[in-house]
Amino acid sequence: MSCAAAAMGGACWPALFPMFLGVFFLGCIIGAGEILSRYREGPWLAAFSLPGLSYIAINGGAAAVALYIILTAGWTFSASPELAPLWQVLIAGVSATAFFRASLFEMRVGNETVPIGPGALLKIVLVSVDRAVERRRGTDRAKKVSQIMSGVNFENAYIALPTHCFALMQNLPEKDLEEFKGTVKSLMEDLQTPAEVKASILGLGLMNLVGEDVLRAAVNNIRHYIVSGPSA
């Protein structure tokens, strides 16, 4: 009887424990990488939020289940017995990742297309991650942008500050830049919102694109030009 077959009967679990630990870790890495890539600011805050840890654990658990199925079926994926465990772990991690991001079919609900399948579960968890992160980041971001943009005059800054920020960065997505231009245009056309609030909104938009450190550096570099006073 092979070790894998014996393990299904409970005789060989200690020998297979490193494989399950490894595949769980691999699944967690994939899940964590996906979360970290979603956020320009505070990616680790997202990963270590309760929904974020749940998302990571789901990916790790799915990989472990996939390995259990592979071992039960006796699939080796390698002609070399020495390399079989490695291939089983890798295939389990990759296959679980693909399965949980798959949609069996899609339904149209109102104006949205809703995926039906395993991917829907992860999407629900990701929405929870987004909400948890935004709640925690909101207060912190409000304090930081208020500090950074203190004294900044919107009329002086709405062209100069974004131009300077973007010059400090490379390879910003064109789509994000176009959305930001739309935000600035709306602020310019808004005659009701106070100038101080417009400056804060401008700062928040730039913080989303370039991050806190770049925004702070840019404001400090050209503060003499964009501070409150007559429009230049």
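Below, all heavy atoms of this structure are taken into account, side chains as well, without hydrogens, waters or symmetry copies.
With rounding to the nearest 0.5 angstrom, the CG atom of Leu187 is 10.5 Å from the OG atom of Ser200. To the nearest 0.5 Å, atoms CG (Leu36) and CH2 (Trp44) are separated by 5.0 Å. Interatomic distance, Lys185 NZ to Asp190 CG, rounded to the nearest 0.5 Å: 14.0 Å. In this structure, the separation between CG on Leu53 and CD1 on Ile58 is 11.0 Å, given to the nearest 0.5 Å.
In this pair, Tyr68 and Phe20 present their aromatic rings tilted. The plane angle is within the 30 to 60° band.
Tracing side-chain contacts under 4.5 Å through hydrophobic residues (I, L, V, M, F, W, Y), one never reaches Leu90 starting from Phe24; they form parts of separate clusters. Tracing side-chain contacts under 4.5 Å through hydrophobic residues (I, L, V, M, F, W, Y), one reaches Val197 starting from Leu215; they form part of the same cluster.
With respect to the salt-bridge test (charged N to carboxylate O, under 4.0 angstrom), the residues Arg216 and Glu212 qualify. Residues Glu178 and Lys181 are paired through a salt bridge, judged by an N-O separation under 4.0 Å between the basic side chain and the carboxylate.
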TODO: Walk me through it: do Asn208 and Arg141 pass the test side-chain hydrogen bond (donor to acceptor under 3.5 Å, both in side chains)?
DONE: CA-CA 10 Å; Asn208 289 337; Arg141 283 160 53 83; 2.8 Å; yes
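Minimum interatomic distance between Phe154 and Ala195 (heavy atoms only, all atoms of both residues): CB-O, 3.8 Å. Contact between Ile30 and Gly93 at its shortest, heavy atoms only, is CD1-O, 4.1 Å. For Val23 against Leu67, the heavy-atom pair with the smallest separation is CG1-CD2, 3.7 Å. In terms of heavy atoms, Leu209 sits closest to Leu172 at O-CD2, 3.8 Å. The minimum heavy-atom distance linking Gly31 with Ile56 is given by the pair C-CG1, 4.1 Å. When all heavy atoms are compared, the tightest approach of Leu204 to Val145 is N-CG2, 3.6 Å.
Leu206 has its side chain within reach of Phe166: a pair of non-hydrogen atoms, C-beta onward, lies under 4.5 Å apart. Inter-residue side-chain proximity for Val214 and Met207 is flagged as unmet; no heavy-atom pair is nearer than 4.5 Å. Within the 4.5 Å cutoff, no side-chain heavy atoms of Val210 are placed close to those of Leu168. No side-chain heavy atom of Pro85 sits less than 4.5 Å from a side-chain heavy atom of Leu16. Put simply, the side chain of Cys28 does not reach to within 4.5 Å of the side chain of Asn59, judged on heavy atoms. Side-chain contact between Glu34 and Tyr55 is present, with heavy atoms from C-beta onward closer than 4.5 Å. Counting only heavy atoms from C-beta outward, the side chains of Met19 and Leu71 approach each other to under 4.5 Å. Between Val227 and Asn153, every side-chain heavy-atom pair lies at or beyond the 4.5 Å cut-off.
Between the side chain of Ser150 and the backbone N or O of Gln147, no donor-acceptor pair lies under 3.5 Å. Here the side chain of Ser146 pairs no donor or acceptor atom with the backbone of Ala142 at under 3.5 angstrom. Although no hydrogens or angles enter the test, the distance criterion places a donor-acceptor pair under 3.5 Å between the side chain of Ser54 and the main chain of Leu50.
Pairs engaging residues 120-141 under the ring pair (Phe, Tyr, Trp, His ring centres under 6.0 Å) rule: none recorded [sequence neighbours left out].
Taking Val65 as the reference, Ile69 meet the side-chain contact (heavy atoms from CB on, under 4.5 Å) condition, with sequence neighbours excluded.
Within 6.0 Å of the CZ atom in Arg131, the count of heavy atoms belonging to other residues, nucleotides or ligands does not exceed 12. Within a 6.0 Å sphere centred on CZ of Phe25, other residues, nucleotides and ligands contribute 12 heavy atoms or fewer.
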